[in-house]
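Since the structure comes first, as structure tokens, the remarks are kept for the end.
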Amino acid sequence: MFSVILLAMLLLAAWAARRVSGRESRYHFKASADKMIIGHSYTECGLNDSLIARTINLSQGGESYFYAYLKLKKLLPANPQIKTVLVSYANNQIQERMDKWVWDDKYLDNNLPKYIYAMDVSDYVFLLRKNPVGVFRAELTLIKNAASTAVRPRDLFADRTVGGYLYLKRNKVDSLLKTDFLEKEQKSIRMKVSKANVDYLKKIVELCRKHHVDVVFLRMPMRPDSPFAKNESQFDSIRKADFADVAFLDFKHYPTPAVECGDFEHFNHIGARKFSLFFNDLLSDGLLQSGNKQERIDQAITALTSKKTAE
């Protein structure tokens with residue numbers, strides 16, 4: 001009998017916690033932004049939204065499309081001023097390893113308490129089937145977090161709970177080049193696709209269009225020696241087959257000198273500043289309204305590369 005009462009109390013606490021966490025007013029941001037950036041650590045570290053006009057970066061490291069979709073389900077209704085969502089579309093975001101980012105314990109415990117209130121039954125059942133114990137543990141975390149929030153309300157944007165630009169100081173490229181890092185990464189990349197992540201990217205596109213918001217894919221710059229382009233043909237074929245009607249801004253060939261990179265995947269704050277200003281110039285010049293977006297990007301990158309060479 002005691003166990004039944006305890007279970008009932010936990011279920012009631014979980015329900016109350018979801019109600020507290022899911023209030024739409026908590027997801028309204030004051031920024032006068034009409035563009036929102038969503039993605040994982042590539043855009044989190046690489047796009048300094050303080051340098052990009054009328055744009056808010058709510059990317060978050062380790063966030064799969066599954067949780068980005070749930071986040072958008074709250075952010076879009078709460079911020080009707082948003083007219084465009086820029087979604088990171090990177091080579092590693094279609095890889096099978098992204099499955100772990102959805103249902104492994106670490107990612108469940110970090111993300112489920114924040115976004116469980118936005119789940120449909122199908123989303124919740126999907127996670128239960130993959131990791132029922134992990135879901136239960138994350139529910140307990142939700143209860144604990146909600147109790148803390150009730151005592152001291154949190155600003156979801158000030159403390160980066162739902163993401164934000166990350167000022168990255170490190171510079172590890174040269175040190176990594178002295179190791180077998182590239183070789184190990186190349187061997188570890190499997191040519192299998194995360195169906196779950198791709199399916200939820202489709203849901204992101206559908207959700208944006210439901211709210212009459214333009215959705216644009218964005219690929220961040222990649223170092224020429226990056227091992228993460230191993231699945232390039234697979235990456236490109238999925239985009240053309242499943243997202244042919246989604247605009248794609250490809251900055252793959254933007255220059256990435258070692259001093260501007262935190263590692264082989266991320267800009268540090270130096271690179272982020274330069275790229276953000278470059279990106280802002282393109283946006284201010286009407287890139288999103290252009291009928292030849294990629295041509296304008298390529299021309300701008302060529303001009304920048306020529307200038308650097310001349311220097």
Side-chain angles (χ1 to χ4, degrees), residues 17-50 52 54-90 93 98 101-102 106-120 123-124 127 138-139 141-150 152-168 197 200-201 203-205 207-208 210-211 213 215-216 218 266 272 276:
R18 293 185 196 189
R19 291 293 299 271
V20 170
S21 299
R23 289 174 184 160
E24 186 173 297
S25 59
R26 300 185 71 213
Y27 294 85
H28 173 72
F29 46 79
K30 298 177 182 179
S32 59
D34 58 13
K35 297 180 291 296
M36 184 194 309
I37 301 168
I38 295 293
H40 59 359
S41 57
Y42 289 12
T43 45
E44 178 189 42
C45 298
L47 288 167
N48 183 342
D49 51 0
S50 70
I52 307 172
R54 300 184 64 81
T55 301
I56 184 167
N57 184 358
L58 293 177
S59 303
Q60 193 154 59
E63 187 169 88
S64 67
Y65 290 135
F66 181 90
Y67 297 107
Y69 165 71
L70 297 175
K71 178 163 70 177
L72 280 173
K73 284 180 72 174
K74 299 302 291 187
L75 288 171
L76 290 179
N79 298 280
Q81 77 275 20
I82 293 297
K83 304 304 179 187
T84 304
V85 173
L86 296 155
V87 182
S88 169
Y89 181 65
Q93 286 176 291
M98 289 295 109
W101 288 28
V102 179
K106 170 185 174 182
Y107 298 98
L108 273 175
D109 200 53
N110 182 51
N111 291 300
L112 188 141
K114 293 189 292 186
Y115 303 127
I116 191 170
Y117 52 81
M119 290 184 184
D120 293 332
D123 303 320
Y124 191 72
L127 290 182
E139 288 264 21
T141 300
L142 168 65
I143 295 169
K144 181 180 69 175
N145 290 351
S148 174
T149 301
R152 183 179 297 178
R154 300 167 64 185
D155 183 327
L156 299 180
F157 302 99
D159 68 4
R160 301 184 68 254
T161 298
V162 293
Y165 167 63
L166 180 63
Y167 186 95
L168 190 65
N197 222 31
Y200 273 86
L201 180 56
K203 286 178 177 282
I204 287 174
V205 173
L207 178 66
C208 289
K210 177 183 175 182
H211 286 274
V213 171
V215 58
V216 177
L218 164 72
H266 309 94
S276 298

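Side-chain atoms of Asn57 come within 3.5 Å of backbone N or O of Thr43 as a donor-acceptor pair. Remark: side-chain polar atoms of Asn48 are paired, donor with acceptor, to backbone N or O of Ser50 under 3.5 angstrom. Judged by distance alone, the side chain of Lys74 and the main-chain N or O of Ala118 form no donor-acceptor pair under 3.5 Å. A donor-acceptor pair is defined here as one N or O able to donate and one able to accept, closer than 3.5 Å; no such pair exists between the side chain of Asn197 and the backbone of Ser64.
For the atom pair Asn110 CG and Thr161 OG1, the distance stands at 9.5 Å (nearest 0.5 Å). Between the NZ atom in Lys203 and the CG atom in Leu72 there is a gap of 13.5 Å [rounded to 0.5 Å]. Interatomic distance, CZ of Phe29 versus CG of Asn79, reported as 3.5 Å (0.5 Å rounding). The NE2 atom of His211 sits 12.5 Å away from the CD1 atom of Ile82 when rounded to the nearest 0.5 Å. Rounded to the nearest 0.5 angstrom, Tyr165 OH and Cys45 SG are separated by 7.5 Å. Note that the CD atom of Glu139 and the OG1 atom of Thr141 stand 9.5 Å from one another [nearest 0.5 Å].
Salt bridge annotation for Asp49-Lys35: absent, with no cationic side-chain nitrogen under 4.0 angstrom from a carboxylate oxygen. By the 4.0 Å N-to-carboxylate-O rule, Glu44 lies close enough to Arg160 to be salt-bridged with it.
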Test side-chain contact (heavy atoms from CB on, under 4.5 Å) applied to Leu201 and Tyr89, step by step: CA-CA 9 Å; Leu201 180 56; Tyr89 181 65; 3.8 Å; yes
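Between Leu142 and Tyr117, every side-chain heavy-atom pair lies at or beyond the 4.5 Å cut-off. Annotation: side chain of Lys71 is not in contact with side chain of Asn111 (no heavy-atom distance under 4.5 Å). Between Met119 and Leu70, the closest side-chain pair of non-hydrogen atoms falls below 4.5 Å. Taking the side chain as every heavy atom from C-beta outward, Leu47 and Leu218 approach each other to under 4.5 Å. With a 4.5 Å cut-off on side-chain heavy atoms, Asp123 and Tyr200 count as touching. The shortest distance between side-chain heavy atoms of Leu76 and Lys210 does not fall below 4.5 Å. Contact annotation: the side chain of Asp120 approaches that of Lys73 to within less than 4.5 Å [non-hydrogen atoms, C-beta and beyond]. Here the side chains of Phe66 and Leu127 are in contact, with some heavy-atom distance below 4.5 Å.
Taking both residues in full, the closest heavy atoms of Tyr27 and Leu75 are given as O-CD2, 3.6 Å, listed atom of the first, atom of the second, then distance. Residues Tyr69 and Leu207 approach most closely at O-CD2, 3.9 Å, considering heavy atoms. Of all non-hydrogen atoms in Ser59 and Ile38, the two that sit nearest each other are OG-C, 3.7 Å. In terms of heavy atoms, Tyr107 sits closest to Trp101 at CB-O, 3.3 Å. Minimum heavy-atom separation, Gly62 to His40: N-CB, 4.3 Å. Summarising the geometry of Leu112 relative to Ala138, their closest heavy-atom pair is CD2-CB, 3.7 Å, with the distance given to 0.1 Å.
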